[in-house]
Amino acid sequence: GDLEMLLIEAYGPEGVGILVEAITDNRNRTMSEIKSLFKDYDAKLATPGSLLWSFEKTTAGYKATFALTASETTREKIGNLVEKLKDRDDVKEVYSAIDA
């Protein structure tokens with residue numbers, strides 16, 4: 001099928017914004033698999049556009065405009081979630097609003 005670019009917005013633990021760029025030939029499958037990963041890591045899908053304003057599109061991708069300082073637990077959870085998402089073939093890039 002045709003490939004479709006998805007930009008998925010989610011709130012992680014402590015309300016940390018997460019953006020996932022994915023390319024898929026089956027939107028429903030990709031969405032349901034990513035949603036299930038979100039659930040495992042206390043993240044939830046956000047309404048499209050509700051988080052995008054807090055990220056800036058750069059040549060390198062997206063950068064959080066307001067980086068959040070998160071607890072160690074949240075950093076760990078989001079780090080693990082990002083890793084799991086990036087392991088997926090259809091996920092191209094993941095951005096989060098935690099300060100580096």
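Please read these numbers as outputs of a predicted model, since none were measured by experiment. We count residues from 1, following the sequence as given.
- For residues 40-63, the set of pairs meeting the salt bridge (Lys or Arg N to Asp or Glu O under 4.0 Å) definition, not counting sequence neighbours, comprises Asp42-Lys77.
- Other members of the hydrophobic cluster containing Ile23, listed by chain and number, are Leu3, Met5; membership follows side-chain contacts under 4.5 Å among ILVMFWY residues, whether direct or relayed.
- Here Phe38 pairs with nothing under the ring pair (Phe, Tyr, Trp, His ring centres under 6.0 Å) rule; sequence neighbours left out.
- Applying the salt bridge (Lys or Arg N to Asp or Glu O under 4.0 Å) definition to pairs two or more places apart or across chains, none involves residues 8-21.
- Other members of the hydrophobic cluster containing Leu51, listed by chain and number, are Tyr11; membership follows side-chain contacts under 4.5 Å among ILVMFWY residues, whether direct or relayed.
- Residue pairs satisfying the side-chain hydrogen bond (donor to acceptor under 3.5 Å, both in side chains) criterion with at least one member in residues 22-39, sequence neighbours excluded, are listed as follows: Glu4-Arg27, Thr24-Thr30, Asp25-Arg29, Thr30-Asp90, Glu33-Arg88.
- A distance of 6.5 Å separates CE in Met31 from CG in Leu6, rounded to the nearest 0.5 Å.
- When hydrophobic clusters are built by joining Ile, Leu, Val, Met, Phe, Trp and Tyr residues whose side-chain heavy atoms come closer than 4.5 Å, directly or via intermediates, Leu45 is grouped together with Leu81.
- Other residues, nucleotides and ligands contribute at most 12 non-hydrogen atoms within 6.0 Å of the CG atom of Asp89.
- A continuous path of ILVMFWY side-chain contacts below 4.5 Å connects Leu37 to Ile98, so both sit in one hydrophobic cluster.
- Residues Tyr41 and Leu68 share a single hydrophobic cluster, defined by chaining ILVMFWY side chains whose heavy atoms lie under 4.5 Å apart.
- With hydrophobic clusters built from ILVMFWY side chains whose heavy atoms lie under 4.5 angstrom apart, Leu7 shares a cluster with Phe55.
- Nearest approach of Ala64 to Ser96, heavy atoms of both residues: CB-O, 4.3 Å.
- Every residue two or more places apart in sequence or in another chain that forms a side chain to side chain contact (heavy atoms under 4.5 Å, CB included) with Val94 is listed here: Ile18, Val20, Val82, Leu85, Lys86, Val91.
- Residues that satisfy the ring pair (Phe, Tyr, Trp, His ring centres under 6.0 Å) test with Tyr95, not counting sequence neighbours, are Tyr62.
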